[in-house]
Amino acid sequence: MLVTSYDVLSTSEALPFPIDGHTDVGEERRLRYRYLDLRSAAGPGAALRTRSKVTNAARRVMERHDFLEIETPYLTRSTPEGARDFLVPVRLQPGSWYALPQSPQLFKQLLMVAGMERYYQFARCFRDEDFRADRQPEFTQLDVELSFCEQDDILALGEDLLSTIWREVLDVEIPTPFPRMTYDDAMRRYGSDKPDVRFGLELADLTALFAKTDFKVFQSEHVGAVLVPGGATDYTRKQFDAWQEWSKSRGGKGVAYVQVGADGIPAGGIAKFLREDELRGLVAATDAKPGDAVFFQSGPKRQTLEALGALRVAVAKDRGLIPEGRWEFLWVTDAPMFEATDDGGWTAVHHPFTRPRKADEAGLVDAPGEALAIAYDVVLNGSEIGGGSLRIHERDLQEKVFGVLGLSAEEAQSKFGFLLEAFKYGPPPHGGIAFGWDRILQHITGTESIRDVIAFPKTASGGDPLTGAPTPITTAQRREAGIDKQPASASSASSTGPTGAAPPNRPAAETRPDTERN
RNA sequence: GGUCUCGUGGUGAAGUCUGGAGUUCACGCCGCCCUGUCAAGGCGGAGGUCGCGGGUUCGAAUCCCGUCGAGACCGCCA
């Protein structure tokens with residue numbers, strides 16, 4: 001090409017960091033200049049282009065299945081998902097607040113009552129909880145609800161959706177139907193409700209073996225083990241100590257272990273506290289070979305299984321046992337309806353509108369811990385990428401569930417009265433599912449952090465280094481928003497009617513006007 | 001709320017454990033030169049309160065305390 005003339009359309013100063021993709025730049029810096037970061041051919045810029053493709057593919061699937069895309073409000077009432085709400089003051093009703101939705105759960109159920117038999121939406125959801133590598137305070141779900149459906153209909157839809165995306169975007173054929181596993185099996189075999197089945201290392205249950213043990217540590221509700229292939233030959237004393245630290249940093253008591261010698265007999269660690277039949281038994285139960293190590297956990301069942309599950313994944317990572325390039329989709333079904341709370345009550349594992357299995361409806365109130373839900377999570381490589389349930393549409397069954405959850409009729413009425421009222425008018429049987437769109441994109445793009453698939457993400461302290469949000473507000477804004485106003489009924493926070501006369505407004509706390517941030 | 005890691009020219013790192021002159025490497029930037037380029041090449045140059053505050057010390061990037069910011073995890077969270 002020979003340039004004969006040119007015009008300068010725009011000029012640029014020296015860039016604050018290289019965007020050539022050859023230098024690793026700190027994330028804080030890249031977020032501060034996100035618009036430059038996104039220019040890079042690789043990284044988050046490419047992720048956003050992929051994201052658009054994925055979303056389009058999903059829309060085509062939903063359209064093919066005759067779903068309607070319907071938007072629900074962002075300024076709304078608190079939704080019953082259990083997380084902390086983001087709140088928005090309402091100028092026209094000083095002292096009253098909107099909540100940003102944690103999900104469109106209630107609205108999509110209302111849409112079912114409205115006869116919108118098949119609904120979907122790419123919905124932004126807001127939860128005011130602490131961050132993780134895969135958690136942001138605002139995130140996107142592909143939210144789906146349909147009427148007159150069974151669990152299998154929804155699973156088939158999910159399989160069509162995900163396999164189509166993988167085929168169209170990654171050119172990967174995912175076999176359907178996906179394997180299914182019950183929640184109970186997942187906990188028992190993998191110590192997790194979202195098992196990573198790309199590798200084995202299934203947990204061994206040694207509770208029966210150690211039922212009459214003299215070893216005090218193992219005299220507990222549950223004793224389990226994880227095999228560590230090659231752990232006896234490869235791990236030094238220092239490395240075993242590091243596992244103790246690992247466990248303690250997660251609030252555990254440590255990791256008991258034995259090393260299987262060349263003769264196939266466990267030695268070292270806690271071996272000297274165990275009888276010979278116990279040593280033989282644990283080798284058989286874990287299928288340990290000479291040179292392997294075995295890690296143990298003991299204690300209350302649930303807690304121990306979860307600790308073992310975390311240990312299993314950490315061991316697999318450490319031993320390099322997790323194969324790359326595999327896509328292991330899995331449905332985890334039949335989760336419990338309720339989970340015991342610390343204060344002796346019950347809390348919903350999914351949410352209060354989740355339907356129990358037919359067989360469990362009768363015993364719901366007497367044995368809440370036994371009841372299983374018609375609920376399903378879709379798991380990919382050990383990470384939960386979606387979940388849903390069939391819902392309750394009968395008033396009496398819903399009241400039973402509220403009862404177990406310790407919600408009085410008044411409380412239920414004040415929180416979800418509008419939904420219960422809608423359910424008076426012939427709600428169709430319905431159910432749905434929501435897919436964590438950011439997490440799915442994380443998998444497809446192979447990124448470590450959810451921030452890499454979001455155009456303008458926030459840092460772990462909830463700030464945006466680009467805009468400097470959040471910022472303090474001025475005294476004038478504070479007054480106008482009415483945020484210091486206290487409605488008369490604030491204590492119950494339940495009235496659906498107009499608020500009564502507010503008590504005298506307390507003087508607004510001294511706030512500085514917006515301070516500049518960079 | 002808790003545990004841990006990190007903060008050094010514009011960018012990325014080494015130096016910190018074991019205190020001794022702002023030392024080093026790569027990229028970028030500026031100037032000159034060369035050039036059939038495509039992550040160009042040669043020569044020269046500028047640029048840093050070692051996040052911030054305090055302490056210990058003859059002396060602190062380095063040790064101690066505090067604080068701010070970033071990241072990971074636990075708690076929390078469908």
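Quick note on labels: first sequence line is chain A, next is B, and so on, each numbered from 1.
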Practice problem: Please step through side chain to side chain contact (heavy atoms under 4.5 Å, CB included) for the pair A:L146 and A:F67, ending with a clear verdict. | Solution: CA-CA 9 Å; A:L146 57 163; A:F67 278 79; 4.2 Å; yes
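- Between A:H351 and A:F353, the two ring planes are tilted [angle within 30° to 60°].
- In summary, A:R189 and A:E202 engage in a salt bridge, as defined by a charged side-chain N under 4.0 Å from a carboxylate O.
- Here the separation of B:U24 from B:U8, taken at their C1' atoms, is 12 Å to the nearest Å.
- Across every strand in view, B:U18 sits unpaired, with no contact that passes the Watson-Crick or G-U test at under 3.5 angstrom.
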Kindly list each side-chain donor-acceptor pair under 3.5 angstrom involving residues 305-316 of chain A, sequence neighbours excluded, with atom names and distances?
from, atom 1, to, atom 2, distance (Å)
A:E306, OE2, A:R302, NE, 2.8
A:E306, OE2, A:R302, NH2, 3.0
A:R312, NE, A:G200, O, 3.0
A:R312, NE, A:L201, O, 3.2
A:R312, NH1, A:D196, O, 3.3
A:R312, NH2, A:D196, O, 2.8
A:R312, NH2, A:F199, O, 2.9
A:R312, NH2, A:G200, O, 2.9

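- The pair A:D130-A:R135 does not count as a salt bridge, with every side-chain nitrogen at least 4.0 angstrom from each carboxylate oxygen.
- Atom CD of A:E448 is separated from atom P of B:A72 by 10 Å (rounded to the nearest Å).
- Among the protein residues, A:S103 comes within range of no part of the nucleic acid, since none of its heavy atoms lies under 4.0 Å from any strand.
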Between protein and nucleotides 73-75 of chain B, what N or O pairs are separated by less than 3.5 Å?
from, atom 1, to, atom 2, distance (Å)
B:C73, OP2, A:A133, N, 3.1
B:C74, OP2, A:R132, NE, 3.1
B:G75, N7, A:R132, NH2, 2.8
B:G75, O6, A:R132, NH1, 3.1
B:G75, O6, A:R132, NH2, 3.2
B:G75, N1, A:D130, OD2, 2.9

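- When rounded to the nearest whole Å, the span between CG of A:D128 and P of B:G1 equals 12 Å.
- Ion pair A:E328/A:R326 flagged as a salt bridge, since at least one NZ, NE, NH1 or NH2 atom sits closer than 4.0 Å to an Asp/Glu carboxylate oxygen.
- Distance noted for atom P between B:C50 and B:C27: 26 Å (whole Å).
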Give every pair of a protein N or O atom and an N or O atom of nucleotides 45-53 of chain B that lie under 3.5 Å apart, one pair per line with the distance.
none

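- Between A:E27 and A:R451 there is a salt bridge, since at least one side-chain N of the basic residue sits less than 4.0 Å from a carboxylate O of the acidic one.
- In this structure, A:W243 and A:Y235 have tilted ring planes: the angle between them lies in the 30° to 60° band.
- Separating the CD atom of A:Q442 from the C1' atom of B:A72 is a distance of 14 Å, rounded to the nearest angstrom.
- Distance alone, capped at 3.5 Å, places no donor-acceptor pair between the A:R355 side chain and the A:S389 backbone.
- For A:E411, the side-chain contact (heavy atoms from CB on, under 4.5 Å) test picks out A:L407, A:S408, with sequence neighbours left out.
- Checked for salt-bridge contact, A:E361 and A:K400 miss the test: no charged N lies under 4.0 Å from a carboxylate O.
- Mapped onto RNA chain B by nearest heavy atom, A:G26 and A:A14 fall at different nucleotides, with A:G26 at the one closer to the 5' end.
- Taking atom C1' on both B:G31 and B:G22, the two are 25 Å apart, rounded to the nearest angstrom.
- In this structure, A:K248 atom NZ and B:U3 atom P are separated by 16 Å, rounded to whole Å.
- For B:G12 and B:A70, the P atoms lie 15 Å apart once the distance is rounded to whole Å.
- For the OP1/OP2 pair of B:A70 and a distance below 4.0 Å, the side-chain nitrogens and oxygens of A:S461 include at least one atom meeting the criterion.
- Look at B:C76: it lacks any Watson-Crick or wobble partner with both distances under 3.5 angstrom.
- Checking B:G66 for Watson-Crick or G-U wobble geometry (two distances, each under 3.5 Å) identifies B:C52 as its partner.
- Taking the P atom of each, B:C65 and B:U3 are spaced 13 Å apart, rounded to whole Å.
- A:R30 comes within 4.0 angstrom of nothing in the nucleic acid, heavy atoms only.
- Nucleotides B:G20 and B:C63 have their P atoms positioned 11 Å apart, rounded to a whole Å.
- Qualifying ring pair (Phe, Tyr, Trp, His ring centres under 6.0 Å) partners for A:F456, counting only residues two or more places apart in sequence or in other chains: none.
- The stretch residues 369-394 of chain A comes close to RNA chain B through A:D377, A:E384, each having a heavy atom under 4.0 Å from the strand.
- Considering A:F139, A:Y74, A:Y98 as possible partners of A:F126, the one that fulfils the ring-ring contact (aromatic ring centres under 6.0 Å, His included) test is A:Y74.
- Atom pair A:I450:CD1 and B:G71:P shows a separation of 13 Å (rounding to whole Å applied).
- Taking atom CG of A:D193 as the reference point, atom P of B:C77 lies 14 Å away to the nearest angstrom.
- To the nearest angstrom, C1' of B:C27 lies 13 Å from CG of A:L15.
- Relative to the side chain of A:R451, the nucleotides B:G71, B:U11, B:C29 differ in distance, and B:G71 lies closest.
- The pair A:D377-A:K194 does not count as a salt bridge, with every side-chain nitrogen at least 4.0 angstrom from each carboxylate oxygen.
- B:A61 and B:C17: their C1' atoms are spaced 14 Å apart (whole Å).
- Comparing the C1' positions of B:G66 and B:A26 gives an interatomic distance of 36 Å, to the nearest angstrom.
- In a base pair of the Watson-Crick type (N1 to N3 plus N6-O4 or O6-N4) or a G-U wobble (N1-O2 and O6-N3), with each distance short of 3.5 Å, B:C27 is matched with B:G10.
- Base pairing of B:A39: no nucleotide in any strand meets the Watson-Crick or G-U wobble criterion (both distances under 3.5 Å).
- Taking atom CZ of A:R29 as the reference point, atom P of B:G9 lies 10 Å away to the nearest angstrom.
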